[in-house]
Amino acid sequence: MSAADQSAQLERRGDEAAASGRLEEALGHYTKALRLTPTVGRLHAKGAGVYLSRANYAAAVSGFEQARKFLPQSVAVLNNLGCALMEAGRPEDGRKVLQQATALNPDYLQAHYNLGRLCERLGPLELAIASYDTTLRIEPTHEGALIGRAQIEANRGDEAACAQFLMQALSHHPNSHLVHITAAQLGLRTGQLNDAYAHARHAVALQPQDISGLTTLGSIASKMGRWAEARLAYEAAIKINPRHTYAWSAMLLAAAYQADLSPQEVFARHQKFGEILEAIVRPLPPVAKEPAVRIRLGYVSSDFREHACAMFLLPLMRAHDRAGFEVYAYSNNARDDAVTARFKASVDHWRDIRYLDDDAAARQIQADAIDVLIDCNGHTEGHRLPVFAREPAPFAVTYLGLPITTGLTCIDYRLTDALGSLPEEGNAFDTEELVRLPHGYATYAPLCDLPDVTPTPALAAGVVTFGSFNNRAKLTPATFDLWAGVLRAVPNSRLLLKDRTFVDRAAGANILQYFAGQGIAPERIEFLGMTSLPDNYRDYAKVDIALDPIPFNGYTTTCDALIMGVPVLAVFGDRYMARVSASVLSQIGLPDLIARKPGQLAEIAARLAADVTKLNDLRLKLRGLFQASPLGQPELVVRDIETFYTAVVRGAPPPFVHNA
């Protein structure tokens, strides 16, 4: 039998094995066939296809590159190579190859669709739209293209267009798990919680073992205050895959909002997550590193964009002393925007890691010789904690994204302050050492021009309006118990609640029902949906006094309110996330607005509301107090952080670590 005949026989066996899902066996047959006939491009492509399906993207790229040498006009090879390049962290190369494929065959549907998928994430958005639209011209019912167009319109804020594409997808694919998951996730983002909940339930019914469906259902249930259901969904996801990082993170994030969980219980869950992740991830081998003149800081975040965290992160990164520090940004943004450009301009080096797997991202960080790697997400969406578990830098810090432990022992420090994390508590609820910064935890700068502070509305309205612009998940039963007491203590007062979920009128029905049970008439409660960032600041003109939720305080919303002249009433809680507003109020010199016990909040509210003229005087000076505090002076906070980093990197005793 000739070499060609033997190769053909091996190829047939490989095809049979691949069709039966025996990928390792298929790869073995293709590899043997290639030894006999190494110039057959089809064999290179089939072997590369197996690597692609097994997520071995580097090998897939190599295989498809070989196939292209022998099949330069094959649109299928170019399409698959483009996908492999995208997944291997080379999206720019992938885009060029996919464009070559569409130029070779303008009617090759899959290449247009994959180009749209890549450009939806990478840009330009116009090319993503054009590619999806071409896909839909060729196949009007294409599921992925309809979903992609819906997601793009949702990101652009065109809810009518988003709904149109989504309805088409649902009409053509009524039993598609992916379509229902997408509808649920978009509903969660736009605040249509009841519809989102129904789609998530449908998705889970279609595929009960799919983790993305369960975690989506959990996130929606959390937003709706259905904590027991959320917990069951997350636990079901983790039971399916006990090592699923993002299912764990979703559960841990939800746990942070629940007042019925003690700090000890919350810590135990985080600690369990850390043990699981660190047991399955192997740290990178250390490399020799020459001491640099400038200390290299690596910030890792998915929020280098218009996001609440950007208000704290951007002024901090800009304020670093470039004579002593070299700043790297490792961006895991799902999408970039105008604020992203401001971040890029504020750092020395920009690295986009959204397309890199955890190993590749860790190797990039190690190659950059980072001294201190800083996690800016915690367990919030888009985190890269598995990268930290690979220990690509000598020191690791968690900061800002979530004021709670990560559960990882490989992260050395968590930045905090002495009011939120009391020194006498040590670090009993943290796997990291706590760094109690003397000038507070963070600094804040709005992402847009601020409107002027207006007189307190009670002067004209004759009644006091309390308000909260915190997200719905923070509005726990314990929070409503607290606020009902405030409304009873201030007769005829009103409560204004603002969140994206309140665009759905039904979302507030259970809240009205609760307050009615507390003797608070429905007409005293008002709801607002989300608006643009400038309009969000303007809406504080409708609020006299802001109320802070428990156990998970506002932080951005507290700063937003104060800089717009609205005093915030807060309770000093039993954990850091329940004290962040107290920390902010202390920094700006308003400790009288902090209730040391929940029952004191109504007393403080009644006292403040009793003298509207005095309340207005406070309102008109609040912005000045805020800007004169460390919150408005990033250099103060950044110098403290830099002092700490310098000591750690240079081997000196670390300052501000009282429990080391």
Return yes if some donor-acceptor pair links the side-chain N/O of [X] with the main-chain N/O of [Y] below 3.5 Å, else return no.
| X | Y | answer |
| --- | --- | --- |
| Thr215 | Ser212 | yes |
| Thr479 | Ile550 | yes |
| Arg269 | Met251 | no |

Does some side-chain heavy atom of [Y] sit less than 4.5 Å from a side-chain heavy atom of [X]?
| X | Y | answer |
| --- | --- | --- |
| Glu306 | Leu447 | yes |
| His383 | Tyr246 | yes |
| Asp548 | Val571 | no |
| Asn553 | Tyr555 | no |
| Leu419 | Phe572 | yes |
| Ile641 | Tyr399 | yes |
| Leu590 | Leu618 | yes |
| Leu261 | Trp227 | no |

- Please work out whether the ring planes of Phe273 and His379 are parallel, tilted or perpendicular, with thresholds of 30° and 60°.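 Perpendicular: the ring planes of Phe273 and His379 meet at over 60°.
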Do the side-chain N and O atoms of [X] and [Y] include a donor-acceptor pair separated by under 3.5 angstrom?
| X | Y | answer |
| --- | --- | --- |
| Thr476 | Gln258 | no |
| Gln587 | Ser629 | no |
| Ser219 | Ser222 | no |
| Asn332 | Ser302 | no |
| Arg318 | Ser346 | no |
| Lys498 | Thr531 | yes |

- Item | Test side chain to side chain donor-acceptor pair (under 3.5 Å) applied to Tyr514 and Asp481, step by step | CA-CA 9 Å; Tyr514 166 82; Asp481 286 345; 2.4 Å; yes
How close do [X] and [Y] get, heavy atom to heavy atom, and via which atoms?
| X | Y | answer |
| --- | --- | --- |
| Lys474 | Gly554 | NZ-CA, 3.7 Å |
| Asp499 | Asn470 | CB-O, 3.9 Å |
| Met564 | Arg623 | SD-NH2, 3.2 Å |
| His270 | Thr405 | CD2-O, 3.0 Å |
| Trp483 | Leu601 | CD1-CD2, 4.5 Å |
| Pro446 | Tyr537 | CB-OH, 3.5 Å |

- Message: Test side-chain contact (heavy atoms from CB on, under 4.5 Å) on Met317 and Leu297; report intermediate values, then the result.
- Response: CA-CA 10 Å; Met317 292 171 74; Leu297 305 178; over 6 Å; no
Please determine whether a side-chain nitrogen of the Lys or Arg among [X] and [Y] lies less than 4.0 Å from a carboxylate oxygen of the Asp or Glu.
| X | Y | result |
| --- | --- | --- |
| Asp535 | Arg538 | yes |
| Glu153 | Arg149 | yes |
| Arg201 | Glu229 | yes |

- Message: Pair Thr398, Asp375 - check side chain to side chain donor-acceptor pair (under 3.5 Å), show working.
- Response: CA-CA 5 Å; Thr398 186; Asp375 158 55; 2.7 Å; yes
- Would you say the ring centroid of Phe312 lies under 6.0 angstrom from that of Tyr441?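 Here the rings of Tyr441 and Phe312 have centres that are no less than 6.0 Å from each other.
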- Message: Between Phe304 and Tyr299, is the ring centroid distance below 6.0 Å?
- Response: no
- Task: Decide yes or no on side-chain contact (heavy atoms from CB on, under 4.5 Å) for Leu316 and Val638, but give the supporting numbers first.
- Result: CA-CA 6 Å; Leu316 182 144; Val638 173; 3.8 Å; yes
Rounded distance [0.5 Å steps], [atom1] in [X] versus [atom2] in [Y]:
| X | Y | atom1 | atom2 | answer |
| --- | --- | --- | --- | --- |
| Leu434 | Asn427 | CG | CG | 5.0 Å |
| Leu622 | Ile588 | CG | CD1 | 5.5 Å |
| His180 | Thr216 | NE2 | OG1 | 13.5 Å |
| Leu252 | Thr380 | CG | OG1 | 12.0 Å |
| Thr556 | Phe469 | OG1 | CZ | 14.0 Å |
| Leu193 | Leu188 | CG | CG | 6.5 Å |

- Task: Mind running side-chain contact (heavy atoms from CB on, under 4.5 Å) on Leu585 and Leu562 for me, showing each step along the way?
- Result: CA-CA 9 Å; Leu585 290 169; Leu562 291 169; 4.1 Å; yes
- Message: For a side-chain contact (heavy atoms from CB on, under 4.5 Å) check, start with the C-alpha distance between Leu402 and Met577, then their side-chain angles and the critical distance, and finish with the verdict.
- Response: CA-CA 8 Å; Leu402 199 61; Met577 68 183 63; 5.8 Å; no
- Task: Take Arg524 and Ser493, measure what side chain to side chain donor-acceptor pair (under 3.5 Å) needs, and give me the verdict at the end.
- Result: CA-CA 7 Å; Arg524 294 178 66 184; Ser493 60; 3.1 Å; yes
How about [atom1] on [X], more than 12 heavy atoms from neighbouring residues, nucleotides or ligands closer than 6.0 Å, or not?
| X | atom1 | answer |
| --- | --- | --- |
| Gln513 | CD | no |
| Asp260 | CG | yes |
| Glu381 | CD | no |

- Task: Sort out for me which residue in Leu533, Val339, Asp303 forms a side-chain contact (heavy atoms from CB on, under 4.5 Å) with Met311.
- Result: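 Exactly one pass, corresponding to Leu533.
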- Item | Test salt bridge (Lys or Arg N to Asp or Glu O under 4.0 Å) applied to Glu425 and Arg575, Arg436, Arg579, the passing residue |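 Testing each of Arg575, Arg436, Arg579 against Glu425, the sole residue satisfying salt bridge (Lys or Arg N to Asp or Glu O under 4.0 Å) is Arg579.
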